[in-house]
Each structure stands twice: as C-alpha cells, then as structure tokens.
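The shown structure was predicted, so the numbers you read here are calculated from the model rather than taken from an experiment.
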There are 2 protein chains.
Amino acid sequence: MTGSPSTAWTSPHKTRKPRARNAPPAPGSMVRTQKPVKNSEIVYGDLRRAIIAMEMAPGTPIVERDLTERYGISRTPLREAVLRLAEERLVDVVPKSGTYVARIPVSVLREGIVARRALEEVTVRAATRRASESQIMSLRAIIQRQKEVADAGDEEAFHRADEDFHSGIAAAASFPGIWDMILQMRVHVERYRRLTLPQPGRMRLVVGEHAAVLDSIAEGKADAAVARMKEHLDKLTLDIAVFRDLWPDYFIYDVSLDAPLNLD
Amino acid sequence: MTGSPSTAWTSPHKTRKPRARNAPPAPGSMVRTQKPVKNSEIVYGDLRRAIIAMEMAPGTPIVERDLTERYGISRTPLREAVLRLAEERLVDVVPKSGTYVARIPVSVLREGIVARRALEEVTVRAATRRASESQIMSLRAIIQRQKEVADAGDEEAFHRADEDFHSGIAAAASFPGIWDMILQMRVHVERYRRLTLPQPGRMRLVVGEHAAVLDSIAEGKADAAVARMKEHLDKLTLDIAVFRDLWPDYFIYDVSLDAPLNLD
DNA sequence: CAGATATATCTTGTATACTAGATAAATCTG
DNA sequence: CAGATTTATCTAGTATACAAGATATATCTG
C-alpha cells in the first residue's frame with residue numbers, strides 16, 4: 001500500500017529447495033493438538049450416537065445433501081463421516097443409489113456376545129493381577145453409584161455405570177486396546193438392547209454380580225473372578241422373538257438362527 | 001435434430017415429485033455389484049499391503065500429491081484410502097503438517113497377542129462342536145500343504161498356509177466376524193514379524209502343532225483342542241530386543257515394557 | 001559467525017462443480 | 001386399461017480449486 005515497491009521487490013529470490021520433510025514429528029513430541037476438531041468428527045459422533053440410540057431406524061435413508069444443510073458444511077467432510085460409519089457397519093452405502101442406516105446383522109450380535117465374553121475373561125484375569133488399591137476403590141465407588149441409580153430407577157445412568165465398571169476393569173488390566181475392541185462390538189448389541197424392555201429386578205441383580213466380580217479381584221483370586229465374570233456375561237442372551245416377530249425389518253439374518261446363540 | 005420441435009416440446013411437463021426413495025434395497029435383493037471397484041479401494045489395498053510388508057518403513061512420509069500422480073487419480077479417493085489406513089493405525093495423520101507410515105505401537109502388539117489367543121480359543125472350541133467332515137478334510141489338506149512348503153523352505157507360502165489353517169478353523173466355527181477381528185490385530189503383529197528372522201526348525205514344529213489341534217477337533221475333544229491351540233499360540237512372544245535395540249524408531253513405546261508381555 | 005526473524009512453500013482440511021449410473025414417475029403402445 | 005418404454009432427477013464417485021496452519025530455509029541483526 002504505502003511505500004515504494006520498486007526497491008523492496010527488486011532483489012530476486014533464489015530458487016528455494018522444497019522443505020525436507022523427511023522425518024515425522026518425534027515420537028515423544030507433544031504435538032500441540034489444541035482443539036482443531038474436524039467437522040467430520042462432529043458429524044460422525046453425532047450420527048453414530050443417533051444410530052446406536054435407535055433414534056434413526058434401520059433403513060432410514062441418509063441423504064448427504066440434507067445433512068450438509070443441517071450441519072452447514074460441505075459434502076467432503078460429511079462423506080468422511082459416512083464412510084467411517086460404513087466401515088463400522090452402521091450404515092450401508094449402495095453405490096449410485098443411496099445410503100441407509102444399517103440393519104443389525106444377527107451374525108454380529110451372535111459373535112459379538114461370544115467375543116466379548118472371551119475378551120472380558122482375559123481382561124478380568126489380568127486386572128486381578130495388576131489392579132492397584134486405588135483402582136479397586138474406584139471400582140467400588142462405581143458399583144455404589146450403580147446401586148444408587150438402580151434404586152432410583154434411572155436406567156440411562158445405570159447403563160453408564162455398567163459401562164464404567166467394565167471399562168474400569170479394562171483400565172486396571174492395562175488393556176485399552178482390548179477395551180476398544182469390546183466397545184466396537186457392543187455398538188451393535190447396544191442397538192439391539194434399545195429394542196428390548198428391561199427385565200424387572202434385573203438392575204439390582206447386575207449390581208450384585210458386579211460386586212461379586214470385584215470381590216474376587218480384590219482377593220486376588222483370578223480363577224474365581226473369571227468364573228464370576230463369565231456367569232455375569234452369560235446372562236446376556238439373544239431373544240430371537242424380538243427380531244423375528246416384532247421388528248423383522250430391523251435385522252439382517254446373515255446367519256442361521258438355528259445355530260446355537262451361546263457357546264461355551 | 002430432424003423433425004419439427006414446435007409440437008414435440010409444446011406439451012409442458014407437469015412438475016414431478018422427486019422419487020420416493022423411502023426404502024432401501026430389500027435385504028435379500030442381490031444388488032448387481034458387477035465390478036465397480038472404487039479407486040480408493042485399490043489404493044487402500046495397495047498401500048496397506050506395502051505397509052504391512054514393511055516395504056514402507058515406519059516414519060516414511062506419505063504425500064498425497066505424489067500418490068495422486070502415481071495412481072493417476074485425484075485427491076478425494078486417495079484421501080479416503082489414507083483415512084481408512086489412519087483408522088487402522090497404519091498411518092499417522094498430523095493435521096496441517098504431514099502423514100507418515102505409523103510406527104508399531106507396542107501396546108497393540110502386547111494386547112493383540114493376548115486378544116488373539118482368547119478369540120482363537122473360543123473359536124477352536126466352537127469349531128470342535130460344529131466342524132463338518134469336509135471341513136476337517138480341508139484342514140488336513142492345508143496342513144499337508146504347509147508341510148510341503150515347509151520342507152521346500154518357502155517361507156511366504158508357509159505363512160499363507162498358516163493363515164489358511166486358522167482361517168479354516170474360524171470358518172468351521174462359523175465365526176467370520178471374530179476372524180475379521182483377529183485379522184485386524186494380526187496386521188500389527190505381522191509388521192513386527194517381518195522384522196524378525198525365522199527361527200530354524202520353527203516351521204516344522206508349527207506344522208506338528210497344527211496337526212495336534214486338528215486331531216483334537218476331529219476327535220471332538222474340545223478341551224484338548226483349546227489346550228493345544230493355547231500351547232501353539234503361546235509360542236508367539238515378543239522379543240523386546242528387536243525393537244529396543246535394532247529398530248528403536250520403528251516402534252512407539254506407549255506401554256511400559258516392564259509389564260508382562262504374556263499373560264495367562 | 002550465532003541467533004532471532006521473516007517468508008516461501010509445503011501440508012492437510014474444506015468447498016464446489018462435474019460425471020455416470022440407478023430409480024421411479026410419466027408417457028407411449030397395444 | 002395393462003404393460004413396456006422413455007425420461008427427469010436423484011444418488012454416490014470423482015476432479016479441482018481454495019483456505020488455513022506448520023515448517024524449513026533464507027535473510028536480517030547483533
């Protein structure tokens with residue numbers, strides 16, 4: 001603007017080599033990640049929660065253009081979110097046709113229950129060996145909280161406490177990755193659970209089972225802890241009537257229903 | 001072109017309602033999926049293989065623009081491929097900075113071995129109950145093939161046969177989803193394996209262990225099959241010296257190395 | 001010559017425009 | 001009126017252009 005450009009720009013810049021860029025940030029370097037939440041992350045989390053909560057019924061069309069308007073973003077980040085959901089099998093993308101909230105694959109339900117039990121068993125075994133006193137106290141606090149919300153009849157808070165308890169055991173075992181895997185499977189089972197009515201008195205029973213598991217952990221009795229966790233998780237069964245009769249269109253029957261749904 | 005447009009275009013089209021699009025394709029409808037392989041799929045598979053095979057060393061920069069030229073595609077599908085790899089933790093994306101082939105997270109190695117053993121145990125138990133005669137025969141054929149390539153010293157073929165054997169057991173158990181989970185973890189362990197030298201005589205031992213597992217399956221002895229599978233998988237251990245001394249920059253030490261690497 | 005500063009240029013993240021295939025409504029044909 | 005056919009319009013897949021932040025190099029200052 002002001003000032004004569006004649007002199008400032010006369011000195012020619014030498015051709016500059018492109019920056020090296022041979023090395024990634026050092027492993028230990030805390031890359032300042034302040035809070036650049038990508039838009040795709042926001043949409044992903046939002047849609048994911050709604051799908052898992054069954055607020056969006058299986059089969060509901062997902063129209064990219066509608067969502068871009070709703071969130072005020074462009075298609076590119078929205079597409080990234082949808083593609084991530086597709087990898088989790090929470091949405092089905094039909095090329096050149098449309099995208100839909102996925103039906104619940106019965107095979108994933110069946111295998112998910114089996115896999116979860118297997119993983120939680122090794123987790124509780126490791127937790128028994130490694131849990132610190134403070135971790136055990138935290139778990140006791142969680143159980144107490146769960147008892148309180150169960151008495152109050154707050155089902156949502158109850159399920160949060162349930163997840164916290166199992167998550168806490170995974171933390172005590174130092175198995176964050178295995179816990180992530182369990183969560184990944186729980187997604188589909190959770191969608192199924194939202195369809196079923198809570199069984200009366202179930203909440204109080206669960207609290208007791210949790211307490212039993214924790215007692216064994218605190219006593220350092222690994223085999224007993226595993227056995228009690230197994231008992232606890234064996235209570236999770238699939239009520240075939242739910243999807244066969246009540247919401248037949250909510251599921252994909254990609255496995256024979258005659259196959260045993262609970263294995264040992 | 002030919003013909004008088006005067007009449008043909010005079011009849012106005014009524015405003016047309018957009019197509020309904022309320023229902024997804026019927027669950028059973030075989031949507032003709034001919035062969036519309038998305039470009040992102042090709043790039044994803046190609047990069048994934050190269051990373052797992054350690055052809056691209058951890059820390060290698062991944063420059064989107066270079067790859068678009070190499071594959072002759074635009075950034076959008078390429079980005080999709082890179083983002084999928086990032087979710088698998090095979091690449092690290094540093095916002096506004098760069099993308100790099102990921103180091104191997106030691107925690108994933110450690111937990112992966114534990115989780116795999118847990119999942120393969122329930123799988124082999126189910127396989128013992130459900131395996132058909134033909135499936136057992138197929139497994140025997142795989143073991144025979146593995147013995148042949150082991151004698152020939154073909155290590156690549158040996159590992160393929162190894163994977164086929166475990167995959168076959170998962171198929172016999174009707175646990176395709178659990179097998180996918182195992183594969184997902186194996187990715188990182190496989191990268192580690194590529195760094196280690198094969199132990200002499202190991203191939204022949206593996207064949208024997210596989211045969212022992214299959215014998216128990218064929219006899220319908222579930223507990224024995226599980227025990228033998230456990231023995232087999234227990235041989236997989238982490239040689240800490242490999243990453244601590246030989247390639248320290250290839251790993252991320254996101255877990256204490258003092259923690260037991262093999263649990264029971 | 002050493003250290004601080006400035007800046008060119010790279011990177012990923014985002015927005016937008018275009019292409020090709022699929023679908024259902026509207027039209028045509030008997 | 002029933003069925004085949006056309007056609008408008010939607011969809012996902014792709015290409016390209018722009019924006020914002022990060023970094024190594026060149027330059028400036030003492």
List in chain and number order the residues that pass side-chain hydrogen bond (donor to acceptor under 3.5 Å, both in side chains) with A/R160, two or more places apart in sequence or in another chain; answer none if no residue qualifies.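 With sequence neighbours excluded, A/R160 shows a side-chain hydrogen bond (donor to acceptor under 3.5 Å, both in side chains) to no residue whatsoever.
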Can you name the residues that form a side-chain hydrogen bond (donor to acceptor under 3.5 Å, both in side chains) with A/R70, not counting sequence neighbours?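 side-chain hydrogen bond (donor to acceptor under 3.5 Å, both in side chains) check on A/R70 returns nothing, list empty.
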Which residues pass the ring-ring contact (aromatic ring centres under 6.0 Å, His included) test with A/H166, not counting sequence neighbours?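 Counting only residues at least two positions away or on another chain, A/H166 forms a ring-ring contact (aromatic ring centres under 6.0 Å, His included) with A/H210, A/H232.
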So, applying side-chain contact (heavy atoms from CB on, under 4.5 Å) with A/Y192, which one of A/V106, A/V108, A/V242, A/I113 is it?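 When A/V106, A/V108, A/V242, A/I113 are each tested with A/Y192, the side-chain contact (heavy atoms from CB on, under 4.5 Å) holds only for A/V242.
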Taking only N and O in the side chain of A/N39, is any of them less than 4.0 Å away from OP1 or OP2 of C/dT14? yes
Taking DNA chain C as the partner, which of residues 64-78 of chain B come within under 4.0 angstrom of it by heavy atom? B/E64, B/R75
Euclidean distance, atom [atom1] of residue [X] to atom [atom2] of [N] [Å, nearest integer]:
| X | N | atom1 | atom2 | result |
| --- | --- | --- | --- | --- |
| A/E80 | D/dG13 | CD | P | 14 Å |
| A/L83 | D/dG13 | CG | P | 7 Å |
| B/K96 | D/dG21 | NZ | C1' | 5 Å |
| A/R79 | C/dG13 | CZ | P | 16 Å |

Choosing from D/dA12, D/dT23, C/dG13, which nucleotide comes nearest the side chain of B/P95?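 Nucleotide nearest to B/P95's side chain: C/dG13.
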If you check every side-chain atom of A/V93, which of D/dT14, D/dG13, C/dT14 has the closest atom? D/dG13
pair A/Q135-A/R130: side-chain heavy atoms closer than 4.5 Å: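 A/Q135 vs A/R130: side chains apart.
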Can a salt bridge be assigned to the pair B/E190 and B/R194 using a cut-off of 4.0 Å between side-chain N and carboxylate O? yes
Do the charged groups of A/R84 and A/E80 touch, with an N to O distance under 4.0 Å? no
Residues touching DNA chain D, which here means a heavy atom under 4.0 Å, drawn from residues 40-52 of chain B: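 Residues of residues 40-52 of chain B under 4.0 Å from DNA chain D: none.
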Side-chain atoms of residues 45-57 of chain B: list all donor-acceptor pairs with protein atoms under 3.5 Å, sequence neighbours left out, distances to 0.1 Å.
residue : atom : partner : partner atom : Å
B/D46   : OD2  : B/Y71   : OH           : 2.5
B/R48   : NE   : B/Y44   : OH           : 3.3
B/R48   : NE   : B/E88   : OE1          : 3.1
B/R48   : NE   : B/E88   : OE2          : 3.3
B/R48   : NH2  : B/E88   : OE1          : 3.2
B/R49   : NH1  : B/E55   : OE2          : 3.0
B/R49   : NH2  : B/E55   : OE1          : 3.2

